[in-house]
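In this text, all values refer to a predicted model and were calculated from it rather than measured experimentally. Start at 1 and go down the list; that is how both ligands and their atoms are numbered.
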Amino acid sequence: MKQTLKRLKAEKLKFQRVSVSAFQLLTTRLADAEETLRAIRTGEVDTVMVAGKEGSQVFTLEGAEHAYRVLIESMNEGALTLTADKVILYANQCFARMVKCPLEQVMGSSFRRFLSAEDRATLRPLLKRAAKSGSKIQVLLHVGDGSKMPAQISIRPLAMNGFNRATIGLVVTDMTEARRNEEQLRALTHRVVQVQEAERGRVALELHDNITQLLCAILVRSQTLANKLSTRDGPAKREAMKLREMLGQTAEEVERISRNLRPSVLDELGLVPALRATCTEFANRTGVSLKLACKPLTARLPAEGELALYRILQNALENVEKHARARHVTVCLRQRAFVQLVIKDDGIGFDPDHHAARRKGKGGLGLLSMRERATYVGGDFKIKSVRGAGTEIEVLIPLPPSATAAN
Ligand SMILES: Nc1ncnc2c1ncn2[C@@H]1O[C@H](COP(=O)(O)OP(=O)(O)O)[C@@H](O)[C@H]1O
Ligand SMILES: [Mg+2]
(Lines give C-alpha, C1' and ligand atoms only; values in the text may rest on other atoms or scores of the structure.)
(Ligands and ions follow the chains in the order given, each with its own letter.)
Protein backbone atom coordinates (compact mmCIF):
# COMPACT_ATOMS: atom_id res chain seq x y z
CA MET A 1 0.00 0.00 0.00
CA LYS A 2 2.74 2.43 1.08
CA GLN A 3 4.63 1.40 -2.04
CA THR A 4 1.67 2.26 -4.32
CA LEU A 5 1.15 5.68 -2.66
CA LYS A 6 4.79 6.50 -3.19
CA ARG A 7 4.55 5.53 -6.88
CA LEU A 8 1.41 7.63 -7.39
CA LYS A 9 3.06 10.66 -5.76
CA ALA A 10 6.10 10.25 -8.01
CA GLU A 11 3.91 10.05 -11.12
CA LYS A 12 1.91 13.13 -10.08
CA LEU A 13 5.14 15.04 -9.61
CA LYS A 14 6.38 13.89 -13.01
CA PHE A 15 3.06 14.94 -14.63
CA GLN A 16 3.20 18.36 -12.97
CA ARG A 17 6.78 18.76 -14.16
CA VAL A 18 5.76 17.82 -17.74
CA SER A 19 2.73 20.16 -17.82
CA VAL A 20 4.75 22.98 -16.26
CA SER A 21 7.47 22.56 -18.86
CA ALA A 22 4.86 22.35 -21.71
CA PHE A 23 3.22 25.48 -20.40
CA GLN A 24 6.58 27.22 -20.14
CA LEU A 25 7.42 26.14 -23.67
CA LEU A 26 4.14 27.54 -25.01
CA THR A 27 4.59 30.79 -23.11
CA THR A 28 8.10 31.17 -24.50
CA ARG A 29 6.90 30.46 -28.05
CA LEU A 30 4.08 32.95 -27.69
CA ALA A 31 6.47 35.59 -26.36
CA ASP A 32 8.80 34.80 -29.28
CA ALA A 33 5.94 35.19 -31.78
CA GLU A 34 4.84 38.47 -30.24
CA GLU A 35 8.41 39.75 -30.24
CA THR A 36 8.78 38.73 -33.93
CA LEU A 37 5.56 40.54 -34.86
CA ARG A 38 6.64 43.63 -32.99
CA ALA A 39 10.05 43.49 -34.62
CA ILE A 40 8.52 43.04 -38.09
CA ARG A 41 6.22 45.97 -37.58
CA THR A 42 8.91 48.25 -36.26
CA GLY A 43 11.26 47.20 -39.01
CA GLU A 44 13.89 45.56 -36.80
CA VAL A 45 13.49 42.23 -38.59
CA ASP A 46 13.78 41.78 -42.32
CA THR A 47 13.36 38.03 -42.78
CA VAL A 48 10.43 35.70 -42.06
CA MET A 49 10.41 31.90 -42.33
CA VAL A 50 7.14 30.27 -43.32
CA ALA A 51 6.68 26.52 -42.91
CA GLY A 52 4.92 25.15 -45.97
CA LYS A 53 4.27 21.91 -47.85
CA GLU A 54 7.66 22.14 -49.48
CA GLY A 55 9.51 22.85 -46.23
CA SER A 56 10.40 26.22 -44.79
CA GLN A 57 10.58 29.22 -47.08
CA VAL A 58 12.38 32.42 -46.28
CA PHE A 59 10.86 35.80 -47.17
CA THR A 60 12.85 38.97 -46.78
CA LEU A 61 11.09 42.09 -45.61
CA GLU A 62 13.96 44.45 -46.22
CA GLY A 63 14.69 46.57 -43.17
CA ALA A 64 15.33 49.58 -45.38
CA GLU A 65 11.58 49.73 -46.02
CA HIS A 66 10.85 50.60 -42.44
CA ALA A 67 9.50 54.02 -43.40
CA TYR A 68 7.02 52.37 -45.83
CA ARG A 69 5.90 49.97 -43.17
CA VAL A 70 5.20 52.81 -40.75
CA LEU A 71 3.21 54.48 -43.53
CA ILE A 72 1.25 51.28 -44.20
CA GLU A 73 0.47 50.91 -40.49
CA SER A 74 -1.05 54.38 -40.49
CA MET A 75 -3.25 53.72 -43.55
CA ASN A 76 -7.04 53.60 -43.37
CA GLU A 77 -7.02 50.59 -45.68
CA GLY A 78 -5.99 47.03 -45.08
CA ALA A 79 -2.60 46.17 -46.54
CA LEU A 80 -1.32 42.63 -46.93
CA THR A 81 1.40 40.67 -48.61
CA LEU A 82 0.67 37.09 -49.61
CA THR A 83 2.73 34.19 -50.85
CA ALA A 84 1.61 32.61 -54.10
CA ASP A 85 -0.21 30.04 -51.88
CA LYS A 86 -2.20 32.91 -50.35
CA VAL A 87 -0.50 32.65 -46.94
CA ILE A 88 -0.53 36.06 -45.28
CA LEU A 89 3.05 37.12 -44.72
CA TYR A 90 2.21 40.51 -43.45
CA ALA A 91 -0.96 42.42 -42.59
CA ASN A 92 -1.36 45.85 -41.08
CA GLN A 93 -3.41 46.62 -37.98
CA CYS A 94 -6.16 48.15 -40.08
CA PHE A 95 -6.81 44.83 -41.84
CA ALA A 96 -6.91 43.01 -38.48
CA ARG A 97 -9.47 45.54 -37.27
CA MET A 98 -11.51 45.13 -40.47
CA VAL A 99 -11.77 41.37 -40.08
CA LYS A 100 -12.12 41.66 -36.28
CA CYS A 101 -9.34 39.15 -35.73
CA PRO A 102 -6.12 39.53 -33.67
CA LEU A 103 -3.20 40.40 -35.90
CA GLU A 104 -1.15 37.45 -34.67
CA GLN A 105 -3.92 35.11 -35.86
CA VAL A 106 -4.10 36.87 -39.23
CA MET A 107 -0.39 36.68 -40.08
CA GLY A 108 0.72 33.27 -41.19
CA SER A 109 -2.88 32.13 -41.88
CA SER A 110 -4.45 31.71 -45.31
CA PHE A 111 -6.20 34.69 -46.88
CA ARG A 112 -8.82 32.25 -48.18
CA ARG A 113 -10.40 32.01 -44.71
CA PHE A 114 -11.77 35.54 -45.13
CA LEU A 115 -13.59 34.74 -48.39
CA SER A 116 -16.66 32.80 -49.50
CA ALA A 117 -16.15 29.81 -51.83
CA GLU A 118 -17.50 31.93 -54.67
CA ASP A 119 -15.11 34.83 -54.04
CA ARG A 120 -12.21 32.40 -53.68
CA ALA A 121 -12.97 31.02 -57.14
CA THR A 122 -13.11 34.55 -58.60
CA LEU A 123 -9.92 35.59 -56.86
CA ARG A 124 -7.84 32.56 -57.91
CA PRO A 125 -7.33 33.50 -61.59
CA LEU A 126 -6.94 37.17 -60.66
CA LEU A 127 -4.10 36.35 -58.26
CA LYS A 128 -2.42 34.30 -60.96
CA ARG A 129 -2.83 37.10 -63.47
CA ALA A 130 -1.80 39.65 -60.86
CA ALA A 131 1.69 38.15 -60.95
CA LYS A 132 2.04 40.15 -64.15
CA SER A 133 -0.29 43.11 -63.80
CA GLY A 134 -2.69 44.45 -61.21
CA SER A 135 -6.44 44.03 -60.93
CA LYS A 136 -9.39 44.84 -58.69
CA ILE A 137 -12.23 42.76 -57.31
CA GLN A 138 -15.28 43.37 -55.17
CA VAL A 139 -15.80 40.74 -52.45
CA LEU A 140 -17.65 40.11 -49.21
CA LEU A 141 -15.05 39.63 -46.49
CA HIS A 142 -15.97 37.07 -43.84
CA VAL A 143 -15.34 38.89 -40.61
CA GLY A 144 -14.32 37.27 -37.28
CA ASP A 145 -17.71 37.94 -35.61
CA GLY A 146 -19.56 36.07 -38.38
CA SER A 147 -20.68 39.19 -40.24
CA LYS A 148 -19.76 40.06 -43.84
CA MET A 149 -18.17 43.25 -45.03
CA PRO A 150 -18.25 44.54 -48.61
CA ALA A 151 -14.68 45.28 -49.68
CA GLN A 152 -12.66 46.08 -52.72
CA ILE A 153 -9.37 44.28 -53.11
CA SER A 154 -6.67 45.80 -55.31
CA ILE A 155 -4.12 43.21 -56.27
CA ARG A 156 -0.56 44.20 -57.15
CA PRO A 157 2.40 42.02 -57.95
CA LEU A 158 5.38 42.73 -55.71
CA ALA A 159 8.84 42.49 -57.20
CA MET A 160 10.67 39.23 -56.58
CA ASN A 161 13.71 39.91 -54.53
CA GLY A 162 16.71 37.81 -53.53
CA PHE A 163 15.66 34.31 -52.62
CA ASN A 164 11.99 35.19 -52.27
CA ARG A 165 9.34 33.62 -54.39
CA ALA A 166 6.89 36.05 -55.97
CA THR A 167 4.72 37.78 -53.41
CA ILE A 168 1.46 39.60 -53.98
CA GLY A 169 0.37 42.84 -52.39
CA LEU A 170 -3.28 43.47 -51.53
CA VAL A 171 -4.94 46.70 -50.51
CA VAL A 172 -8.34 46.10 -48.97
CA THR A 173 -10.82 48.97 -48.88
CA ASP A 174 -13.92 48.87 -46.71
CA MET A 175 -16.84 49.56 -49.08
CA THR A 176 -19.63 49.59 -46.47
CA GLU A 177 -20.08 53.35 -46.66
CA ALA A 178 -19.75 53.42 -50.47
CA ARG A 179 -22.39 50.65 -50.79
CA ARG A 180 -24.73 52.52 -48.48
CA ASN A 181 -24.30 55.68 -50.55
CA GLU A 182 -24.91 53.72 -53.75
CA GLU A 183 -28.10 52.26 -52.31
CA GLN A 184 -29.29 55.69 -51.21
CA LEU A 185 -28.54 57.12 -54.65
CA ARG A 186 -30.41 54.24 -56.29
CA ALA A 187 -33.41 54.75 -54.01
CA LEU A 188 -33.33 58.46 -54.76
CA THR A 189 -33.11 57.96 -58.52
CA HIS A 190 -35.99 55.51 -58.32
CA ARG A 191 -38.02 58.08 -56.44
CA VAL A 192 -37.20 60.69 -59.09
CA VAL A 193 -38.33 58.31 -61.84
CA GLN A 194 -41.55 57.57 -59.93
CA VAL A 195 -42.30 61.25 -59.38
CA GLN A 196 -41.49 61.98 -63.04
CA GLU A 197 -43.90 59.23 -64.12
CA ALA A 198 -46.67 60.52 -61.84
CA GLU A 199 -46.13 64.07 -63.09
CA ARG A 200 -46.23 62.91 -66.72
CA GLY A 201 -49.51 61.14 -66.04
CA ARG A 202 -50.96 64.30 -64.49
CA VAL A 203 -49.83 66.53 -67.38
CA ALA A 204 -51.10 63.98 -69.94
CA LEU A 205 -54.51 63.97 -68.27
CA GLU A 206 -54.71 67.76 -68.15
CA LEU A 207 -53.70 68.02 -71.79
CA HIS A 208 -56.19 65.38 -72.83
CA ASP A 209 -59.10 66.50 -70.67
CA ASN A 210 -58.73 70.27 -70.99
CA ILE A 211 -56.58 71.41 -73.89
CA THR A 212 -57.58 68.74 -76.40
CA GLN A 213 -61.29 69.22 -75.57
CA LEU A 214 -60.97 72.99 -75.98
CA LEU A 215 -59.04 72.62 -79.23
CA CYS A 216 -61.71 70.31 -80.61
CA ALA A 217 -64.42 72.83 -79.76
CA ILE A 218 -62.46 75.65 -81.49
CA LEU A 219 -61.87 73.35 -84.44
CA VAL A 220 -65.59 72.75 -84.88
CA ARG A 221 -66.33 76.47 -84.61
CA SER A 222 -63.64 77.40 -87.14
CA GLN A 223 -65.14 74.82 -89.49
CA THR A 224 -68.57 76.39 -89.03
CA LEU A 225 -67.09 79.82 -89.69
CA ALA A 226 -65.37 78.60 -92.86
CA ASN A 227 -68.67 77.06 -94.01
CA LYS A 228 -70.60 80.26 -93.31
CA LEU A 229 -68.27 82.39 -95.39
CA SER A 230 -69.30 82.24 -99.00
CA THR A 231 -66.86 81.93 -101.86
CA ARG A 232 -67.49 85.63 -102.49
CA ASP A 233 -65.57 86.39 -99.25
CA GLY A 234 -62.51 84.87 -100.98
CA PRO A 235 -59.47 85.79 -98.79
CA ALA A 236 -61.45 85.64 -95.50
CA LYS A 237 -62.74 82.14 -96.34
CA ARG A 238 -59.22 80.97 -97.27
CA GLU A 239 -57.95 82.36 -93.97
CA ALA A 240 -60.71 80.55 -92.04
CA MET A 241 -59.88 77.27 -93.86
CA LYS A 242 -56.18 77.74 -93.06
CA LEU A 243 -57.07 78.43 -89.41
CA ARG A 244 -59.11 75.25 -89.24
CA GLU A 245 -56.26 73.24 -90.72
CA MET A 246 -53.72 74.65 -88.28
CA LEU A 247 -56.02 73.99 -85.35
CA GLY A 248 -56.37 70.40 -86.55
CA GLN A 249 -52.58 70.03 -86.57
CA THR A 250 -52.28 71.59 -83.11
CA ALA A 251 -54.90 69.21 -81.70
CA GLU A 252 -53.02 66.26 -83.20
CA GLU A 253 -49.70 67.47 -81.78
CA VAL A 254 -51.18 67.96 -78.31
CA GLU A 255 -52.72 64.51 -78.50
CA ARG A 256 -49.34 63.04 -79.54
CA ILE A 257 -47.55 64.69 -76.61
CA SER A 258 -50.28 63.56 -74.25
CA ARG A 259 -50.11 59.99 -75.61
CA ASN A 260 -46.32 59.89 -75.21
CA LEU A 261 -46.62 61.06 -71.65
CA ARG A 262 -49.23 58.46 -70.75
CA PRO A 263 -48.08 54.99 -69.72
CA SER A 264 -51.61 53.77 -70.52
CA VAL A 265 -50.63 53.76 -74.20
CA LEU A 266 -49.04 50.39 -73.46
CA ASP A 267 -52.36 49.00 -72.27
CA GLU A 268 -54.19 50.51 -75.22
CA LEU A 269 -51.75 49.39 -77.94
CA GLY A 270 -49.50 46.72 -76.39
CA LEU A 271 -45.69 46.94 -76.19
CA VAL A 272 -44.65 46.24 -79.79
CA PRO A 273 -47.21 48.57 -81.46
CA ALA A 274 -46.36 51.28 -78.89
CA LEU A 275 -42.63 50.97 -79.72
CA ARG A 276 -43.46 50.96 -83.43
CA ALA A 277 -45.59 54.10 -83.09
CA THR A 278 -42.79 55.87 -81.20
CA CYS A 279 -40.26 54.98 -83.93
CA THR A 280 -42.55 55.99 -86.81
CA GLU A 281 -43.41 59.26 -85.14
CA PHE A 282 -39.68 59.96 -84.51
CA ALA A 283 -38.68 59.24 -88.12
CA ASN A 284 -41.56 61.34 -89.56
CA ARG A 285 -40.90 64.28 -87.30
CA THR A 286 -37.07 64.40 -87.41
CA GLY A 287 -36.38 63.07 -90.90
CA VAL A 288 -33.70 60.73 -89.47
CA SER A 289 -33.93 57.33 -91.15
CA LEU A 290 -34.96 54.66 -88.66
CA LYS A 291 -34.83 50.92 -89.27
CA LEU A 292 -36.97 48.91 -86.94
CA ALA A 293 -36.59 45.17 -86.40
CA CYS A 294 -39.27 44.36 -83.90
CA LYS A 295 -40.23 40.72 -83.44
CA PRO A 296 -43.53 40.07 -81.68
CA LEU A 297 -43.00 38.64 -78.21
CA THR A 298 -44.43 35.25 -77.32
CA ALA A 299 -44.84 36.24 -73.70
CA ARG A 300 -45.95 39.48 -72.13
CA LEU A 301 -43.62 41.32 -69.77
CA PRO A 302 -44.91 42.63 -66.45
CA ALA A 303 -46.28 46.20 -66.79
CA GLU A 304 -43.17 47.74 -65.13
CA GLY A 305 -40.87 45.96 -67.61
CA GLU A 306 -42.90 47.16 -70.59
CA LEU A 307 -42.95 50.70 -69.26
CA ALA A 308 -39.15 50.55 -68.73
CA LEU A 309 -38.58 49.54 -72.39
CA TYR A 310 -41.03 52.12 -73.69
CA ARG A 311 -39.52 54.97 -71.67
CA ILE A 312 -35.93 53.92 -72.46
CA LEU A 313 -36.71 53.95 -76.19
CA GLN A 314 -38.34 57.38 -75.89
CA ASN A 315 -35.37 58.71 -73.91
CA ALA A 316 -32.79 57.22 -76.25
CA LEU A 317 -34.52 58.67 -79.32
CA GLU A 318 -34.81 62.02 -77.58
CA ASN A 319 -31.02 61.92 -77.04
CA VAL A 320 -30.45 60.99 -80.68
CA GLU A 321 -32.53 64.00 -81.70
CA LYS A 322 -30.90 66.38 -79.20
CA HIS A 323 -27.25 65.32 -79.27
CA ALA A 324 -26.29 62.68 -81.82
CA ARG A 325 -26.55 64.41 -85.21
CA ALA A 326 -27.19 60.92 -86.57
CA ARG A 327 -28.33 59.99 -90.06
CA HIS A 328 -29.42 56.45 -89.35
CA VAL A 329 -30.88 54.77 -86.30
CA THR A 330 -31.67 51.11 -85.85
CA VAL A 331 -33.99 49.78 -83.18
CA CYS A 332 -34.12 46.07 -82.57
CA LEU A 333 -36.41 44.18 -80.18
CA ARG A 334 -35.86 40.46 -79.66
CA GLN A 335 -36.95 37.82 -77.23
CA ARG A 336 -34.42 35.35 -75.90
CA ALA A 337 -34.21 34.16 -72.30
CA PHE A 338 -35.00 37.86 -71.72
CA VAL A 339 -36.29 40.70 -73.84
CA GLN A 340 -33.51 42.61 -75.55
CA LEU A 341 -33.85 46.13 -76.92
CA VAL A 342 -30.94 47.66 -78.85
CA ILE A 343 -30.93 51.27 -80.07
CA LYS A 344 -28.00 52.21 -82.26
CA ASP A 345 -27.16 55.51 -83.98
CA ASP A 346 -24.36 56.59 -86.29
CA GLY A 347 -23.99 60.01 -84.73
CA ILE A 348 -21.15 61.91 -83.10
CA GLY A 349 -20.94 59.64 -80.03
CA PHE A 350 -19.59 60.66 -76.62
CA ASP A 351 -17.54 59.28 -73.74
CA PRO A 352 -20.02 57.83 -71.19
CA ASP A 353 -17.39 57.47 -68.42
CA HIS A 354 -16.24 61.01 -68.86
CA HIS A 355 -19.84 62.20 -68.87
CA ALA A 356 -20.63 60.28 -65.63
CA ALA A 357 -17.53 61.67 -63.89
CA ARG A 358 -18.21 65.21 -65.08
CA ARG A 359 -21.90 65.41 -64.23
CA LYS A 360 -21.52 65.98 -60.42
CA GLY A 361 -25.18 66.75 -59.93
CA LYS A 362 -25.46 68.75 -63.14
CA GLY A 363 -26.78 67.66 -66.51
CA GLY A 364 -29.78 65.65 -67.58
CA LEU A 365 -31.32 62.65 -65.92
CA GLY A 366 -31.86 60.72 -69.14
CA LEU A 367 -29.09 58.13 -68.94
CA LEU A 368 -29.40 57.83 -65.16
CA SER A 369 -33.14 57.18 -65.29
CA MET A 370 -32.76 54.72 -68.20
CA ARG A 371 -30.30 52.68 -66.12
CA GLU A 372 -32.51 52.96 -63.06
CA ARG A 373 -35.61 51.82 -64.94
CA ALA A 374 -33.80 48.74 -66.27
CA THR A 375 -32.15 47.74 -62.99
CA TYR A 376 -35.35 48.30 -61.00
CA VAL A 377 -37.09 45.53 -62.95
CA GLY A 378 -34.07 43.22 -62.54
CA GLY A 379 -32.69 44.04 -65.98
CA ASP A 380 -29.44 45.35 -67.33
CA PHE A 381 -28.51 48.56 -69.14
CA LYS A 382 -25.35 48.97 -71.20
CA ILE A 383 -24.16 51.92 -73.19
CA LYS A 384 -21.33 51.85 -75.70
CA SER A 385 -20.33 55.08 -77.34
CA VAL A 386 -17.25 56.22 -79.18
CA ARG A 387 -16.65 59.79 -80.25
CA GLY A 388 -17.25 60.01 -83.96
CA ALA A 389 -18.59 56.47 -84.19
CA GLY A 390 -22.08 56.59 -82.72
CA THR A 391 -23.83 55.22 -79.68
CA GLU A 392 -25.39 51.86 -78.86
CA ILE A 393 -27.74 51.22 -75.98
CA GLU A 394 -28.64 47.68 -74.99
CA VAL A 395 -31.34 46.87 -72.48
CA LEU A 396 -32.12 43.41 -71.18
CA ILE A 397 -35.33 42.83 -69.25
CA PRO A 398 -35.98 39.40 -67.74
CA LEU A 399 -39.17 37.60 -68.62
CA PRO A 400 -41.31 36.35 -65.73
CA PRO A 401 -40.39 32.76 -64.69
CA SER A 402 -43.72 31.43 -65.99
CA ALA A 403 -42.89 32.76 -69.50
CA THR A 404 -39.40 31.24 -69.58
CA ALA A 405 -40.73 27.88 -68.34
CA ALA A 406 -43.24 27.86 -71.21
CA ASN A 407 -40.47 28.39 -73.79
N1 LIG B 1 -27.00 59.19 -78.67
C2 LIG B 1 -26.14 60.11 -78.19
N3 LIG B 1 -25.22 60.70 -79.01
C4 LIG B 1 -24.34 61.61 -78.55
N5 LIG B 1 -24.30 62.03 -77.27
C6 LIG B 1 -25.19 61.51 -76.41
C7 LIG B 1 -26.15 60.53 -76.81
N8 LIG B 1 -26.88 60.17 -75.73
C9 LIG B 1 -26.40 60.91 -74.71
N10 LIG B 1 -25.40 61.73 -75.09
C11 LIG B 1 -24.58 62.60 -74.23
O12 LIG B 1 -24.83 62.27 -72.90
C13 LIG B 1 -25.30 63.39 -72.17
C14 LIG B 1 -26.29 62.94 -71.11
O15 LIG B 1 -27.52 62.54 -71.67
P16 LIG B 1 -28.81 62.56 -70.74
O17 LIG B 1 -28.46 61.90 -69.44
O18 LIG B 1 -29.93 61.99 -71.51
O19 LIG B 1 -29.04 64.09 -70.41
P20 LIG B 1 -29.52 65.27 -71.40
O21 LIG B 1 -30.07 64.64 -72.64
O22 LIG B 1 -30.58 65.99 -70.62
O23 LIG B 1 -28.29 66.09 -71.62
C24 LIG B 1 -25.84 64.34 -73.20
O25 LIG B 1 -25.75 65.67 -72.76
C26 LIG B 1 -24.94 64.07 -74.39
O27 LIG B 1 -23.74 64.80 -74.26
MG1 LIG C 1 -31.46 63.13 -72.57
Side-chain angles (χ1 to χ4, degrees), residues 181-182 184-201 203-204 253 256-263 265 274-294 304 306-334 340-377 379-397:
N181 290 345
E182 264 171 36
Q184 276 176 358
L185 179 67
R186 203 169 300 141
L188 198 66
T189 320
H190 182 62
R191 189 79 198 105
V192 169
V193 169
Q194 274 182 325
V195 170
Q196 196 185 45
E197 202 59 59
E199 194 62 8
R200 279 178 177 173
V203 174
E253 182 69 357
R256 179 191 69 80
I257 296 171
S258 157
R259 198 177 39 242
N260 284 348
L261 288 172
R262 261 193 329 244
V265 68
L275 297 184
R276 254 186 233 288
T278 305
C279 289
T280 315
E281 186 272 316
F282 168 84
N284 290 343
R285 194 168 41 78
T286 61
V288 177
S289 105
L290 190 146
K291 221 163 89 191
L292 176 70
C294 217
E304 289 232 291
E306 289 195 344
L307 185 61
L309 285 174
Y310 179 60
R311 290 293 188 222
I312 289 171
L313 176 69
Q314 280 183 325
N315 241 318
L317 291 180
E318 192 185 301
N319 277 351
V320 172
E321 188 180 350
K322 254 168 75 180
H323 313 292
R325 283 183 249 153
R327 293 196 305 140
H328 303 283
V329 180
T330 53
V331 176
C332 180
L333 183 83
R334 279 191 285 200
Q340 181 199 42
L341 174 69
V342 180
I343 306 136
K344 204 169 164 180
D345 71 62
D346 65 350
I348 55 170
F350 71 110
D351 178 352
D353 294 334
H354 180 241
H355 164 76
R358 203 185 37 150
R359 75 174 11 254
K360 292 198 179 111
K362 291 179 270 171
L365 283 172
L367 294 175
L368 206 66
S369 70
M370 285 191 241
R371 186 179 298 281
E372 155 55 25
R373 282 185 186 276
T375 37
Y376 188 71
V377 293
D380 198 11
F381 175 88
K382 288 184 205 137
I383 180 157
K384 275 190 266 172
S385 189
V386 179
R387 282 191 199 282
T391 305
E392 181 181 311
I393 284 175
E394 183 191 13
V395 191
L396 300 174
I397 306 283

Option whose closest heavy atom lies nearest to atom 15 (O) of ligand 1, chosen from D351, I343, N319: N319
Looking only at distance, does G366 have an N or O less than 3.5 Å from an N or O of ligand 1? yes
Shortest non-hydrogen pair, A204 vs S258, comes out as O-OG, 3.3 Å
R200 versus Q196: any side-chain heavy-atom pair under 4.5 Å? yes
Quick one: side chain to side chain contact (heavy atoms under 4.5 Å, CB included) partners of S369, sequence neighbours excluded? V193, N315
Is it true that a side-chain atom of R371 and a backbone atom of F381 form a donor plus acceptor pair closer than 3.5 Å? yes
Counting only nitrogen or oxygen atoms and a 3.5 angstrom limit, does G349 reach ligand 1? no
Suppose I only count heavy atoms of L367 and a 4.0 Å limit; which atoms of ligand 1 are within that range? 12 (O), 14 (C), 15 (O), 16 (P), 17 (O), 18 (O)
Residue and atom names of protein N/O/S atoms that fall under 2.8 Å from the Mg ion (ligand 2): N319 OD1
Across all chains, not counting sequence neighbours, the side chain to side chain contact (heavy atoms under 4.5 Å, CB included) partners of A326 are V320, A324, D345, D346
Going by the atom numbers of ligand 1, which of them fall below 4.0 Å from some non-hydrogen atom of K322? 20 (P), 21 (O), 22 (O)
Here the pair of heavy atoms bringing A308 nearest to I397 is CB-CD1, 4.4 Å
Residue list, side chain to side chain contact (heavy atoms under 4.5 Å, CB included) with T286, at least two apart or on another chain: F282, V288, E321
What one should report as the nearest heavy-atom pair of L313 and C279 is CD2-SG, 4.0 Å
Can you list the atoms of ligand 1 that are under 4.0 Å from a heavy atom of D345? 1 (N)
Using a strict 4.0 Å threshold on nitrogen-to-oxygen distance, state whether E197 and R373 make a salt bridge. yes
